[in-house]
Structures are given as C-alpha cells and as structure tokens.
There are 4 protein chains.
Amino acid sequence: MITPLTHKSTLDERGLGRLVEHLISGGVHGLFILGTTGEGPALPRSLQVEVIRQTCRQVAGRAPVIVGVTDTVLESAVELATKAKELGAQAVVTSAPYYYAASQAELLAYLENLAAAVPLPVFLYNAPSNTHHTFDPATVRSAADIPNIVGLKDSGCDMIYFHRVRESLRNHPEFTLLVGPEELMAEAVLLGGHGGMCAGSNIWPRLYVELYNAAAASDLDAVRRLQSSVMRLSTTVYRMNGRESSLLRGMKCAVAELGICDDGMMPPFEPFGEAERTGIRQYLAELGRDSGHE
Amino acid sequence: MITPLTHKSTLDERGLGRLVEHLISGGVHGLFILGTTGEGPALPRSLQVEVIRQTCRQVAGRAPVIVGVTDTVLESAVELATKAKELGAQAVVTSAPYYYAASQAELLAYLENLAAAVPLPVFLYNAPSNTHHTFDPATVRSAADIPNIVGLKDSGCDMIYFHRVRESLRNHPEFTLLVGPEELMAEAVLLGGHGGMCAGSNIWPRLYVELYNAAAASDLDAVRRLQSSVMRLSTTVYRMNGRESSLLRGMKCAVAELGICDDGMMPPFEPFGEAERTGIRQYLAELGRDSGHE
Amino acid sequence: MITPLTHKSTLDERGLGRLVEHLISGGVHGLFILGTTGEGPALPRSLQVEVIRQTCRQVAGRAPVIVGVTDTVLESAVELATKAKELGAQAVVTSAPYYYAASQAELLAYLENLAAAVPLPVFLYNAPSNTHHTFDPATVRSAADIPNIVGLKDSGCDMIYFHRVRESLRNHPEFTLLVGPEELMAEAVLLGGHGGMCAGSNIWPRLYVELYNAAAASDLDAVRRLQSSVMRLSTTVYRMNGRESSLLRGMKCAVAELGICDDGMMPPFEPFGEAERTGIRQYLAELGRDSGHE
Amino acid sequence: MITPLTHKSTLDERGLGRLVEHLISGGVHGLFILGTTGEGPALPRSLQVEVIRQTCRQVAGRAPVIVGVTDTVLESAVELATKAKELGAQAVVTSAPYYYAASQAELLAYLENLAAAVPLPVFLYNAPSNTHHTFDPATVRSAADIPNIVGLKDSGCDMIYFHRVRESLRNHPEFTLLVGPEELMAEAVLLGGHGGMCAGSNIWPRLYVELYNAAAASDLDAVRRLQSSVMRLSTTVYRMNGRESSLLRGMKCAVAELGICDDGMMPPFEPFGEAERTGIRQYLAELGRDSGHE
C-alpha cells in the first residue's frame, strides 16, 4: 500500500481511509504498509506510527495488516514492530540493515536477534535492488527454523532464486512464499508459491485478486489474459519517464488520478507535473477500456 | 548441446555421435550447438566447423540443427553462418559483439547488417551474464521486423524482461520466444512462451521434454513434479564447487559419468578431478533414483 | 573516527575520551564522527547524540568536529544537524537518502532542501559502495553554488571521477575536495585536492598526518615510503577475513588492541574472536616494527 | 594506437603511416596496437595481421611495438603472438578469455599456458570493463614469477587495486606496472608506477609524453597544469554524446579532424556524423588554444 501524503509531507488521512476501502472492496487478502512502495524508509518515525494507527483503525479487523519495519538500526526496527503490535497489526516484514554490506552469517544472526525481540510473526524481505543484500536460499532455509519467522516476500525479480528457495523448503509448506513484483506473481503461484504483494493493487486491486485466483485455480487462459493487463500497466504507468523513481511516482499519480488520495511524496521524490499526469490519465483510460478495469 | 572434447582439446567424434543419439532418442525438438554450453566462443574456427559438420551428419535431418555464431567480429559471424548453411544447419543464434559496450541503436544496426548477410533464419540471443549486453524489449521488437530474424533465446534470467518482450510481440505470434535457463522454461511456456533450450538435456533429455509437454498441456501437477527434479539437478550437479565454471564443468562431468562422451574442456576450464567426479556420480544416482530419470 | 562501544551496544565513554586524545595528540586537523567508519547509520538516535556531545566536550575546541548526518529521512538529517550545532560541532557531512534509487535532479533538489534547513556548513559525501548513489560531477558543480555547501568527501574510489570534479571546480578553490579512502589521499593531494578523511587515523594518526604533510610539501620520497605503510595496513589489518565487514571489524579490533577503547559493534556486526584478534596483534607488531608507527 | 580504417572496413594504410610518424615525432616510448582503443577484438584476423605488418614496417625499429592478442580462444591468441614476433613486434599484451566467468586459479592456469606457448614477453592486461575479469593482486603476483610475463597494464580505473599490486611487487622492480587510463598515469608514476599507455596520444602525443616526464621528474607544478589539459580532453572529446562508444568514436573523429587518417570503424560502431564532428572540431580548437597543444 502506498502512503497517501499531502504536498506538505503530512498524512492524507481521508485519502488513506478511501484507499483502505478501495483495497478491501477490491478483495485483497491483506494490507502491507510501510514497505518500499509505502515509502516506509523515507518517513519520519511519527508518520510511520500514524500510518499504522490509521490503517489498523480503518481496516478494523477485516483483513490482516502487515507492517514494514526494515531499518538500519536493530533497536528502531524492534521498537516499530512493538508499536505495530500495540496498534493492532498482525505481522511485520523486515529486510536486513541496508547501509553496510554484510555476510550471510551476519544477516542470519541479525534475523535471530530481531525475531527474538519482536512480538509478532515476521516475514523476511528479500529486496536486493533497494537493500543491496540478498538472503541466500540457505539463509532463508535456516531462518525458517526460527519460530516466529513465518515467510518470505521475495522482491529480487529472480525466479531461479525463488525456485531454489521453494525447493529447499518443500518440506515446510507452512512457510509462506510470496513474490514482490506483481509481474511475477502468476508464475510463482502456478509453480507452488503462495501469493504476492502487488503494488498495482493500489490502482486496480481486483485485477491482482483475479490473477491470483486464476493462478490458484490453474485457469491458464484467464492467467494469460490478466497477465497481459498487468504487463501493460507495468510498461506504461510505471515507466512514464526514464527516471529511477518512475514506478513510485507513476503509481501515486495514478491513484490520485482515480480520486482516491493526494499524491504528495517524501524527499527526494516529488509528484509528477501536469504533462506526466496527463500521460498517466491517458494510459489509465486506455488500459481500463481494453481490460474492463476501472 | 555440449561439445564433446578429448582431454587434448580435440573433438571426441564418437562421443558426439552418442550424444546426438542420446538427445534424439530423448525426444528433443532440435539441437543447439556452439552456444554458451557448447563452449562455442572458446573453440578455434576449425573445431567449430567440425562440430557443425559431424552434428549435421549424425542428425541426418531428424531434427533441426541450430548453430551459435556469436562473435566479436561481424565478418567472422557471417562466415560461420554461411558455413553452417552449407553443412546443413537450419538456423543460427547470435548475440551482439561482446567485447565493447554499445548502445541499443548500435546493437540494432549490427543485427540488421548481420541478418542481411546471413543465409539462414536468425535467433537473437539475449545473454547478459556472458555478453554484458541486453537487447532492450524495444530493440527485440524492432529486430522482429527484419525478415530473417525469427525469434529470441532469452538467457537473461529476468522473467519481467521476458514478459515485457512477449507483451510487445503479442501481435507477432510467429516470432519464437524461448528461454535459456532450464529452470524458467516451465513458467515461460505456461504464460505463453514457445519453449526453451535446456542445457540439462545433455544429461536427461526426457526430463525437459516431459516438462515442456506438461507445461504446453497445462498439466500443473506434472509441471510441479518435474520442475522439482529440474531444481534438484540445478542445485547439485551445477553447483559442485563454488567456482564460476561449476555449471559447465558439472554438466560435462555428468555426461561423461553417463558414459556418453569424454569431458575435455577448452581453456580456461579443466575437467573435474576425481573428488568432484565422485560427488557428481552420487548426485546423479540420488536424483535418478528419486525421479526415475537415468 | 570509530564509535567506541561496549559489548552491550552502549557508548564506551572513557574509550571515546582516550580515542579523541589519541587523535589530537597524533596531529589530526579535525574529527569526523558518525560516518561510515563511525557506524553512524547503525546507531540509534540517542547514541548518535551522545557521541556528538561527548566528542565535542572532549575536543573542547582544539579541532573542528564534523558530524555525519546521512539519513533516509530528510527531517531526521536536519534534526541531527541542528543538534550537532547546538552541541558545538563545526560542520556536517551528508549523502543522499540511500534506500531508493533517484535521479541526479532529485539528488540535487534534496541537497538544496537539506542545506537550506541545516544551520552548519555541509560537506557532500559521495559513497556509492554504501549508498548506491553517485553525485555526478555536474551535480557537485551545481551543489557548490549553494551557499553553505562547502566541500565534498569522495569515497567513491574512482580517481577519474575525483579529477573530473576537481577540473570542473578549478575556479572554486574555496570548495574543499577530500577523499575518503586513505589509500588515495596522497595522490589526491599531489594533484591538487585538499586532504582526506583517513579511517586508519584511529590506529596510527601520525602516519596519515605525515603522509598528508609529505604530499602537501611535494616530498615524493616520503610520500612513497609512507604510502607503503598505508598499503600494508590496508592489505592486512583491514582484510583479516574475507567477510564484507573485515575493514570495520579489523579497525575496531586494532584500536582495542592498542588499549584505547572497547571493540563492541552495532548489529549486524560483531567484534572479532580471539583467533582473528591474535592475527591483528601480529600484524600491528610487524607493521609497527617495520615502519616505526606504534 | 587506434587502427586507421576506411569507411569500408579496410585498413587506411597511408593514414597508418602518418599516425605512426605523428606518434614517434611526438616522442612516445613505444606503440601499443590492437588493444581496446585499436579495436583489436573487432578486427578479422587478416586485418589484425596487416596492422602488425604495416606498423612494424613503418616504425622500423625506432620504438618497441607491442601487440594486443587478447582472444576468447587460447590457440588464436598464441597464433597471433607468434605472427607478431615473426613480423618484428617486441611484446604482446593479453587479458584472459572474456566470454566466460572464471576463477582466479583458472585465469592463472590460462596465463601459464599462454606464456609457455608465446615466443615474446607478455604484459598482462587488467581490463574489467571490457573483459569482466579482474586479475586479483595475488594472481598478478603469481604471474610475475612466470619467466616471460614482464608487466601489467592496468585499465581497471581503481587506484587502490594498483597500489595493492605495486605493494605486493615492491621486491620485483623489474616487473613493469603501467596504467591504462591516461587520466591516472600521473599519479601512478608519482607513486612509483612505471608509466602508462595513453590513448590520447593518438591526438596529442606530446601532452602525454610531457606529463610522464613531469611526473617522473617530480615536477608537480607541471603535472598539475598538464593533468588539467588531460582532464579537459577527457571530459569533452571523449564524451561527445552519451553513448557507450563516445570515447572511441570521439578519439577517431579527433584524429581524422587533425588530418592524420580516416575515421572508419568496425561494427557495431560507426563514425560520428557531421554535427558531432563539428563539436569535436570546436573542442580541439579550444583546448589547443588554451594549452598550446595542436
């Protein structure tokens, strides 16, 4: 879930309320807040807490709320996780500290320390393009033996990695394997993964719910048809300009364009200008017309 | 297809004959020689020609023979492709010249020049881990308009890339989309790709043929079972030691262990020693026992 | 400057006092705290503030204190910089937020916003191996026009980059150009740079002061002799084991071995064990004997 | 040395004659042909041989001729080296085969095999941006014990690496340490290296000869002045457009602009068009006016 922000870097509370309803009415199975898409690492602590509080209040138990707590400081991650439990969240997601390079043994020790101190179930977050760490399959396998580490969100975009992890955990079906990039969710589920955390749900939640359902039901005709919509969104709205931030800015702009919330962003990012916004609007109209998503 | 070599860097002709029969009796739909797995770029020209000649002679029309002609010199690539046609091959595979970094415009111009001079159908070869070039989806899309460029072998290990290419060519169903890494063939086919060039076929061709058939028939139970065998081979035989050459050396060793051909290798590589060979033997026995492949 | 920590992740206050005296009596021209070597990004805010407070108190005006404030949250960076001024520091060092990839325009806008809000002179910190951003020479050139951006600490290890920046700023001699890695300080100064921030000073401050003086005085015989000591330290103490954290752990271990402070480290790192410590001790003895540094 | 080519990919023989005279009259200490700048890996074998023959004939013993023989096939590298000796060259330069990733042990074994078969002194060529291999300092150190391996040309752009190699070979002063990028030659020599192979010599050989002389004589004022010219050339002529080939195309264009030879290029590159050529002309005029090089 993106974090609805005003252009003054404050929480767009009413937007957040509408966004939660948009997602839940779209049928999502849970909400992941303060992740990469949620600008979690760019938000001051007070805003992070506010996002958890407002989201949990709005959701009111209708779906699990999962909170990203990745931090460069162990103590801060634990602190946020503790707060998340207090405010009613169901689980947390964490990567390793992302400023320093570290060995797999150090990453595993970190996970052990963190899990021992965190009062909620923990999902690992493999996100090398942001954290510049990868949890080796053997590290994931070892981490799966830690009692409250319950799954992996793999955003590494490397399906061979995903299959290696899955193969090494085939006797641990209770360990949940999710993929991050929505473009890979279908094949992950078709080959035995458990689901995805699809950022595009902020725009059209039903598309991803239907894609998941089709993959889970082995309905390949539907999978291919829906995957085509996923790819068209991915190659238009997320690539509005060639800049590194085009995915995040495009997504926020699209959600704003749908009238759901404001498109403020935390530094170093800024909302799209009018030219790009017009482009996003046209893309949405075109994609919505072709695919029936609106 | 690997290139069977003696320990004196000469062609193991009888081994090549046995390997071709092993593959054809395993049901493969075609043979790809002189690719990355075939040590094509490490073979002197005379040996390259000998491999084409012997393979075409042995195959004798029972399956198409596709020849890797990637070279750093345009003229040499064209020369080898011309020779390949003369010797009876059906198509060639080429990447861009791989010593210099080049822009997409330069890569496309190169492909145009090459295709115009080559008397056979051409498959593009996207192989960034070896060539350090990637053909952008837009470049592939443009190349697809060149008459004798007929398909893409994508060894980039990036399924989002593969889906982007597929989406951009959805109105060109005659353009053949294959994946390189065998670990990704199933999902590529499930989502609309046309097949794979699976190096593991050198060991157990039937495994990959069955996996392809299962994926093409949307038989997901079979896909998951066979994919598990594929992953076990991939995480054992191909990772015998931690060195960069472990995939190629492991594969050659496994094929030698099956009694098919010698395991000589071109510099800078050398065959596995006895310790590693024993390990490969054990892996094969274990995997063969569990999966029924032998 | 490293951050002296106990094995319980608390500040080793007496160690910090000794370390400051060690550095000042070694002749350093300033102290840089809470940088990469100082584990700045791994310290909770309260500890960061404590480090600034204790260091400024101990230094008591004998040398400028420069504070690393790099953060993924603009507001937090500004907050720490404000606190640094309050506690008596002379300048701050900042990179761009390091979780998200960003364009040069976004990095420059960030620097403008940060500089406008920070009440101290600001040094840019180019540290791609940790932040995975590089400030392009043109970005540095533009940032140099912002009034309180006064210099660059370049830890990119790319001397062509450094020369490009220097050339583009040759009409701005008041803009201070420092290099991060101590192995490159001599050549930077010989070719017109202004100095370095040498982590090895924590061990043998006089070595780096003498090397700077020799380079500034164009005494090439001395430069070569001292550079040899620098390289021997760099290839032994900083590479005790092959792990990613060997530089930082080796340095902390060496300083502890000299009796200056405890070698506690923040997660995900841990102090060296006895075997590695013995190795460090031997290196120090050998290097000290050969070079006269002790 | 660049390879003068016509626009039909044939050797510009008269241009090559003029270029050799330009270099020798500029005072260079040797000529390096068929390297990266010489488009060696993109030239067919017959053209490579022709370049060696014509260059040796024109030089006629006035300076050593050193030949790049890097190839993906060991046998081909040896063959070219043998031919080079026959035609009168004094040494060869080689990297490791550059298509496959390989371990340091494999790289070292390759160098041993190559050196044993080559009838000339051999320089190692560390060129990771083109070959995607790095010779570890320990590998260079071991290779230095092979009788006819006599030096290293380091084009890795990493001066810490260069200093590590130099330190490890400080008891082997007869092993020649050269840097590739002209921007780093001065500091390499100031700190104890032996020289550089400066591609910019194709344009203004005297600039690099003077810079070398100034560095060798420890004349830092002259070094800084000349280095400034080097950097201005590097940031203008070599960066005419943002494409990957801008260095090579800019250099060829500049040499053609000076009336020395034609600017044909091997695929996948093409000469600059008129707009870029005008830009190069202006840069040369400006730089020549400011620096006295013309």
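Predicted model, so just to flag it, every value in this text is computed and none were measured. Proteins get letters first, then strands, A, B, ... in listed order; numbering begins at 1 in each.
Residue Ile160(A) touches chain B through both its backbone and its side chain, counting heavy-atom pairs closer than 4.5 Å. Heavy atoms of Leu220(A) lying under 4.5 Å from chain B belong exclusively to its side chain. Interface remark: Arg225(A) contributes no atoms to any contact with chain B (heavy atom separation under 4.5 Å).
A distance of 13.0 Å separates CE in Met159(A) from CZ in Phe162(B), rounded to the nearest 0.5 Å. Considering CZ of Arg164(B) and CZ of Arg239(A), their distance stands at 3.5 Å, rounded to 0.5 Å. Considering CE of Met231(A) and CG of Leu191(B), their distance stands at 10.0 Å, rounded to 0.5 Å.
The choice from Asp158(B), Thr235(B), Leu184(B) that makes the most heavy-atom pairs within less than 4.5 Å of chain A is Leu184(B). Highest contact tally toward chain B, considering only Ser168(A), Ser234(A), Gly192(A), is held by Gly192(A) [criterion: heavy-atom pairs under 4.5 Å].
By the 6.0 Å contact criterion, CG on Asp221(A) is open, its count of non-hydrogen atoms from other residues, nucleotides or ligands being 12 or less.
Between Arg166(A) and Arg224(B) there is no side-chain heavy-atom pair separated by less than 4.5 Å. Side-chain atoms of Glu187(B) and Leu190(A), non-hydrogen and from C-beta on, never get closer than 4.5 Å to each other.
Between the side chains of Ser228(A) and Glu167(B), at least one donor N or O sits under 3.5 Å from an acceptor N or O.
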